[in-house]
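Numbered from 1 within each chain, the chains take letters A, B, ... in sequence-line order. Just so you know, these numbers come straight off a predicted model, no measurement behind them.
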Amino acid sequence: MDFAFLSSIFTQLLKGLPLTLNLGVLALVGGFCLSLILNLMRTTRVGNALASAYVFVFRGTPLLIQIFMIYYGLAGFGFIRHGFLWPFLREPYWCGLLALILNDAAYTSEILRGGLRAVPRGAVEAGRVSGMTRLTVMRRITLPIAVRQALPAYSNEVISILKSTALVSTITLMEVTGIARAAASETWRAVEIFLCAAAIYLALSLVVTRLSAWAERRLSPWQFGETP
Amino acid sequence: MSLPSTALSIAGLRKSFGSNEVLRGIDLVAKDGDVISLIGASGSGKSTLLRCIPMLEIPDVGTVSVGEDSLSPTGGRLSRAQLAVARQMRGHLGFVFQNFNLWPHRTVLQNVIEAPLFVQSRPRAEAVEEATALLEKVGLAEKRDAWPAHLSGGQQQRVAIARALAQRPRAILFDEPTSALDPELVGEVLKVIRALAAEGRTMLIVTHEMGFAREVSSRVVFLHQGLIEEAGTPGQVFGNPASERCRAFLSGHFDRNR
């Protein structure tokens, strides 16, 4: 084993970590906001149909194709090329981030929907009957219970999105995988390089898994036989 | 001495679910201090009647009054202004569900102080002090920091009663409070309700516990197919019912327990 090479590659790859985290975190934040909107839309019939169609399309097609469609496809529309968003949409970073957000929102909205459906009717009724406004019921009862229900599934989505950021290396972005690809084609030592890259993703997943277990324990202590 | 004033009144109440008319014109008045038991076969409409009072089910026609507030919904809907009145009415009622419906993500104490803090905007220290006293009253002072999931059904229902009392209600509505309990846990809940009756609390109780209804009520109301078939003191209704249907219902009930 060439440890000197490994460590030099490792430090090189770590330079891509900020971009990987930047894309992952912003995709999750943007995706969560969009998923809230999608769930609000579901309260009306037309909105429900639109949200279902959105989820169907973005969950049913590969993320890589979504990235390509946005990065290579949007330039084909004159009104976009001449529109005010073009300074953003011609940048690979914004295209990649947009694709990640749109894709994450489809999955997150389904996770949140499952959480909302699992809120016991009686708990909501008890809130209403105590004189709470709709907003207070939402804030104090429905959402807190839904988030607790959705947490385990959501931690999967967080890991999935962090790994999916690797795909934006295909549109020239130099995050961890992008740097790894460039280094591999330069040195022809693919195995060592990609192993290092994989280790970085593995470490990220470990952090997320631990964080989510901690959050679960903290938010739902009664499920772990704890008393406050 | 002044006569007790009206805590709660229902007039001309009707409610259908689809083509099924569950309530067909109910009139009922509860004065302060009344303990009224609603009895009847399942499907007679007694739970629906109780749920119509805080507008958990919205009546098709009829008037519900609680203290000063009064609502006469039409068409099974509430307007925005009516909803505000309904919330005010709910604030003056306590409601105890068959399935307790405690909030699973809050501790026992948090369940009890929730409405005082987030509906009535009372100071936290005061709410906690009152909640502690109420938990003491239902015999669960030492469980204040427990999670609902860790309590027995009887204990959960007693917390639910404390939660209802924390709203300082004008009247408390019980929807079959012991029907979801294991038989050995029924007694502890009935004991708490009995103590509330002795305090002179105004209560409406939907129940299948005939012995309890007979002992605790100031009035008993027998519902049959969405109408009040028989009403009177426990002595009248249980001892010498005028209605044949009431007689049949009661004898069926007491035979079963024999």
Item to check | Neighbour count >12 (heavy atoms, 6.0 Å) for atom CD, B/E142 | outcome: yes
Item to check | Part of A/S130 within contact of chain B (heavy atom distance under 4.5 Å) | outcome: both
Next on the checklist: Counting only heavy atoms not in B/F17 (residues, nucleotides, ligands), do more than 12 fall under 6.0 Å from its CZ?
Outcome noted: yes
Checklist entry - Minimum heavy-atom separation for A/R134 to B/L83, with atom names? => result NH2-CD2, 3.8 Å
Checklist entry - Got a second to check how far A/M132's CE is from B/R90's CZ, nearest 0.5 Å? => result 11.5 Å
Checklist entry - With a 4.5 angstrom heavy-atom cut-off, which part of B/F118 approaches chain A: side chain, backbone, both or neither? => result both
Checklist entry - chain A contacts: which residues in residues 151-180 of chain B have a non-hydrogen atom closer than 4.5 Å to it? => result B/R163, B/Q167
Checklist entry - Partners of A/F58 by ring pair (Phe, Tyr, Trp, His ring centres under 6.0 Å), sequence neighbours excluded? => result A/Y54
Checklist entry - At what distance, to the nearest 0.5 angstrom, does CZ of B/R87 lie from CZ of A/R128? => result 11.0 Å
Item to check | When B/R106, B/M55, B/Q120 are compared by non-hydrogen pairs under 4.5 Å with chain A, the top option | outcome: B/R106
Next on the checklist: Please classify the contact between B/M89 and chain A as side chain, backbone, both or neither, with a heavy-atom cut-off of under 4.5 Å.
Outcome noted: neither
Checklist entry - What part of A/R148 is in contact with chain B, defined as an atom under 4.5 angstrom from a non-hydrogen atom: side chain, backbone, both or neither? => result side chain
Next on the checklist: Using only atom types and a distance under 3.5 Å, with no angle test, would you say the side chain of B/H150 pairs donor to acceptor with the backbone of A/W222?
Outcome noted: yes
Just distance, no hydrogens or angles: give the donor-acceptor pairs under 3.5 Å from side chains in residues 157-169 of chain A, sequence neighbours left out.
unit_1 : atom_1 : unit_2 : atom_2 : d
A/S164 : OG     : A/S160 : O      : 2.7
A/T165 : OG1    : A/L162 : O      : 2.6
A/S169 : OG     : A/A166 : O      : 2.8

Next on the checklist: Using 0.5 Å steps for rounding, measure from the CG atom of A/L219 to the NE2 atom of B/H105.
Outcome noted: 10.5 Å
Item to check | Contact summary for B/W147 and A/P221, nearest pair of heavy atoms | outcome: CZ2-CG, 3.2 Å
Checklist outcome for this item: For A/R121 and B/R51, the nearest pair of non-hydrogen atoms, with its separation, is NH2-NH2, 4.1 Å
Checklist entry - In terms of heavy-atom contacts, does CD of B/E129 have more than 12 from other residues, nucleotides or ligands at under 6.0 Å? => result no
Item to check | When B/G91, B/P54, B/P104 are compared by non-hydrogen pairs under 4.5 Å with chain A, the top option | outcome: B/P104
Checklist entry - If you take all heavy atoms of A/E125 and B/L56, which pair is closest and at what distance? => result CG-CD2, 3.5 Å
Checklist entry - Can you name the side-chain hydrogen bond (donor to acceptor under 3.5 Å, both in side chains) partners of A/D104, sequence neighbours left out? => result A/T108
